[in-house]
Amino acid sequence: MSDFEKRVLDLVRRIPRGRVTTYGHLARAAGSPSAARMVGYILNRQKFNPAIPAHRVVNRRGELTGRWHFETPDLMRRLLENEGVPVQDNRIPDFMQYLWIPPMPE
DNA sequence: CTACTGACTCAAT
DNA sequence: GATTGAGCCAGTA
């Protein structure tokens with residue numbers, strides 16, 4: 001498991017309940033600004049790890065692009081709504097309001 | 001070894 | 001706005 005992967009997973013674990021962040025922000029904070037695709041890939045391998053709240057990671061427009069990788073396509077939406085994050089048409093309306101920006105390394 | 005594929009993003013058009 | 005092309009890099013065939 002690469003350092004990048006470990007950093008990404010560590011950051012995902014820190015996303016507060018009821019907040020979301022994006023693949024791009026995670027990639028940047030983990031030290032590889034253009035590796036947004038890798039973030040989704042990493043989450044896919046960890047999707048059975050209950051310690052990783054992967055449903056709190058959306059793309060930069062607030063779309064639930066990862067929903068097809070959950071057990072059922074509506075699970076991601078249900079988990080978010082359970083935390084108070086509204087989802088409409090596979091997207092979080094006014095999603096900037098819920099955005100959590102991961103801490104950047106020095 | 002090469003080729004293709006993504007839970008993505010950005011800049012240019 | 002929409003579309004296109006490129007960068008990213010681990011995994012798979």
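The sequence lines fix the lettering, A, B, ..., with proteins before strands; numbering per chain opens at 1.
In this structure, CZ of Arg67(A) is placed 16 Å from C1' of dC8(B), rounded to the nearest angstrom. When rounded to the nearest whole Å, the span between CG of Asn44(A) and C1' of dT12(C) equals 13 Å. Atom-to-atom, CG of Leu64(A) to P of dC8(B) comes out at 12 Å; the value is rounded to the nearest Å. We find that CD of Glu63(A) is positioned 9 Å from P of dT9(B), with the value rounded to whole Å. Between the CD atom of Gln46(A) and the P atom of dG11(C) there is a distance of 11 Å, given to the nearest Å. If you measure from atom CE of Met38(A) to atom P of dG7(C), you get 15 Å, rounded to the nearest angstrom. If you take NE2 of His69(A) and C1' of dG6(B), they are 8 Å apart, rounded to a whole angstrom. Rounded to an integer number of Å, the gap from Arg61(A) CZ to dA2(C) P is 7 Å.
An OP1 or OP2 oxygen of dA10(C) is reached within less than 4.0 angstrom by no side-chain nitrogen or oxygen of Ser2(A). In this model, the phosphate group of dC10(B) is approached by a side-chain N or O of Arg60(A) to a distance below 4.0 Å at OP1 or OP2.
If you check dC9(C), dA7(B), dC10(B) against the side chain of Ser32(A), the one that comes closest is dC9(C). Proximity note for Tyr41(A) (side chain, C-beta onward) versus dA10(C), dC8(C), dC8(B): the nearest is dA10(C).
Nucleic acid contact for Phe70(A): base, since at least one base atom lies under 4.0 Å from a heavy atom of the residue. Residue-level contact check: Ala54(A) touches the bases, meaning some heavy atom is under 4.0 Å from a base atom.
Ion pairing between a basic and an acidic side chain is recognised when a charged N comes within 4.0 Å of a carboxylate O; Glu5(A) and Arg45(A) show such pairing. A salt bridge links Asp3(A) with Lys6(A): the distance from a Lys NZ or Arg NE/NH1/NH2 to an Asp or Glu carboxylate oxygen falls below 4.0 Å.
Projected onto DNA chain C by closest heavy-atom contact, Arg45(A) and Ser34(A) fall at different nucleotides, the more 5' of which corresponds to Ser34(A). Along DNA chain C, the nucleotide closest to Glu5(A) and the one closest to Ala36(A) are compared, and the more 5′ of them pairs with Ala36(A).
Hydrophobic clustering (ILVMFWY, side-chain heavy atoms < 4.5 Å, transitive): Ile92(A) and Trp100(A) are in distinct clusters.
In this structure, Phe4(A) and Ile42(A) have side chains that are in contact, with non-hydrogen atoms separated by less than 4.5 Å.
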Exercise for the section: Begin from the C-alpha positions of Glu83(A) and Arg56(A) and carry the test salt bridge (charged side-chain N to carboxylate O under 4.0 Å, His left out) through to its verdict. Expected result: CA-CA 10 Å; Glu83(A) 301 182 353; Arg56(A) 296 182 186 141; 2.7 Å; yes
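As rounded to the nearest Å, dG5(C) and dT5(B) have P atoms that lie 16 Å from one another.
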